[in-house]
Number of protein chains: 2
Amino acid sequence: MSSENRSELVDQLMSAMRNQAGRGLMLHGAVAERFGLNFTDLKCLDLLRSEPELTAGRIAAATGLSTSAVTTVLDRLERRGFVERRRAPEDRRKVVVVPTGRHDAEMQELFAEFGDEVMAILRDYDDERLGFLLEVINRLDGAAREATARITAGNRA
Amino acid sequence: MSSENRSELVDQLMSAMRNQAGRGLMLHGAVAERFGLNFTDLKCLDLLRSEPELTAGRIAAATGLSTSAVTTVLDRLERRGFVERRRAPEDRRKVVVVPTGRHDAEMQELFAEFGDEVMAILRDYDDERLGFLLEVINRLDGAAREATARITAGNRA
DNA sequence: TCGGATATTTCGAAGGATCGGAATATCCGC
DNA sequence: GCGGATATTCCGATCCTTCGAAATATCCGA
């Protein structure tokens with residue numbers, strides 16, 4: 001019956017989402033390898049996308065790394081041309097990490113086909129559908145954010 | 001107008017998906033830390049979910065690791081109780097990697113709240129909506145799979 | 001059954017990541 | 001301006017991961 005289909009549907013969705021999470025891991029790994037980065041570096045770069053005025057200390061707090069470890073991460077990222085260090089004008093002890101965008105072109109090229117495919121997929125649906133999709137993704141993201149915080153907190157304890 | 005909204009919608013979706021990818025990275029990292037695993041280990045565990053009769057050699061091929069590196073990965077996973085090694089009956093040189101499920105309960109507990117939240121979100125939509133969601137996720141997963149393969153291939157070259 | 005091929009493991013070495021603590025530079029309140 | 005607090009970096013040490021090459025076990029064809 002309907003409730004039968006329903007639970008099956010939910011199961012399939014859960015499974016699909018897990019698959020996708022794993023796939024994302026692989027994709028990130030492949031990208032990281034291409035640019036000579038490791039997962040830790042990627043995590044830091046990712047922070048950077050959401051926090052524009054990111055400082056070294058913030059990275060340490062957010063990732064759970066020691067401050068000295070963050071220094072070497074930044075060394076790596078800077079050496080590879082992903083970020084620059086700038087002293088904060090209002091507090092010159094702080095180091096703000098600024099993305100250089102130097103690899104944007106290469107990154108774009110790397111994801112060109114993928115982006116096209118995603119675009120092609122989205123084209124198949126109308127605005128109303130996409131609005132729904134956006135809503136769900138954002139809600140799921142919120143849940144994932146909380147889960148991450150919870151687990152991280154548990155790890156420290 | 002509509003085309004204005006449309007492109008904005010698409011942009012938001014792309015951005016949301018990127019966010020989600022980053023979030024997944026964080027979540028995986030937190031889980032890995034909890035269980036004393038690293039990202040490489042996770043990748044291998046993930047392979048296991050999609051390929052039940054996974055052998056050590058297959059892992060090496062799929063991850064790009066050396067066979068000796070895979071041995072140590074399996075040592076780790078086995079020591080922590082995630083997998084068991086079994087000799088393949090039809091070719092006793094091969095080692096098939098079997099998940100033990102020993103951490104399933106703990107994992108379940110770790111994701112309990114998250115799972116509940118996801119369920120709660122899904123409950124807000126009817127079957128037709130969820131069917132659409134499943135379709136999109138699967139299509140996106142296919143695209144991501146191809147992208148990963150492409151990038152990995154490029155890395156080897 | 002012998003010998004080359006295949007799957008995995010062991011071994012030794014090398015490189016990388018991370019840590020804690022000392023050092024340096026800067027800020028801020030007194 | 002001094003002294004304690006804060007942000008980051010430097011240093012030395014350790015642990016972990018990975019690798020290549022050699023060793024081991026097994027398979028398969030001649």
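When reading the values below, keep in mind they use all heavy atoms of this one structure, side chains included, and skip hydrogens, waters and symmetry mates. This is a predicted model, so every value here is computed, not measured. Letters A, B, ... are given to chains in the order of the sequence lines, protein chains preceding strands, and every chain is numbered from 1.
Remark: R102(A) is not positioned above the aromatic ring of F82(A), lacking an NZ or CZ atom under 6.0 angstrom from the ring centre and at most 45 degrees off the axis.
The two residues C44(B) and L54(B) have their closest heavy-atom pair at O-CD2, 4.4 Å. Nearest approach of R150(B) to F114(A), heavy atoms of both residues: NH2-N, 3.6 Å. Listed here is the closest heavy atom pair of H103(A) and R80(A): NE2-O, 2.6 Å.
Computed from coordinates, the R80(B) CZ to dC16(D) P distance equals 8 Å when rounded to whole Å. One can place CG of L54(A) at 14 Å from C1' of dT8(D), the figure rounded to the nearest angstrom. Here the P atom of nucleotide dT18(C) and the CD atom of E33(B) are 11 Å apart, to the nearest Å. Whole-Å rounding puts the R86(A) CZ to dT9(D) P distance at 15 Å. Per the geometry, CG belonging to L65(A) stands 12 Å off P belonging to dA17(C), to the nearest Å.
Not a single salt bridge (Lys or Arg N to Asp or Glu O under 4.0 Å) links R92(A) to another residue, sequence neighbours left out.
Counting only heavy atoms from C-beta outward, the side chains of M17(A) and V118(B) approach each other to under 4.5 Å.
Checked against dA17(C), dC27(D), dT18(D), the side chain of R76(A) finds its nearest nucleotide in dA17(C). In this structure, of dT26(C), dC27(D), dC19(C), it is dT26(C) that holds the atom nearest to the side chain of R92(A).
In secondary-structure terms, DNA chain D builds stems of at least 3 consecutive Watson-Crick or G-U pairs, each pair having both distances under 3.5 Å, at C:1-30 with D:1-30.
Mapping T72(A) and T72(B) onto DNA chain C via the closest heavy atom, the residue that lands nearer the 5' end is T72(B).
Going from atom CG of L110(A) over to atom CG of D104(A) covers 12.5 Å, rounded to the nearest 0.5 Å.
Ring-centre distance between F39(B) and H28(B): not below the 6.0 Å cut-off.
Note on V96(B) and L47(B): separate hydrophobic clusters, where clusters join Ile, Leu, Val, Met, Phe, Trp and Tyr whose side-chain heavy atoms are under 4.5 Å apart, directly or indirectly.
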Nucleotides 1-9 of chain C: protein proximity per nucleotide (B base, S sugar-phosphate only, - neither; heavy atom, under 4.0 Å): ----BBSSB
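Within the 4.0 Å cut-off from OP1 or OP2 of dC16(D), not a single side-chain nitrogen or oxygen of N38(B) is found.
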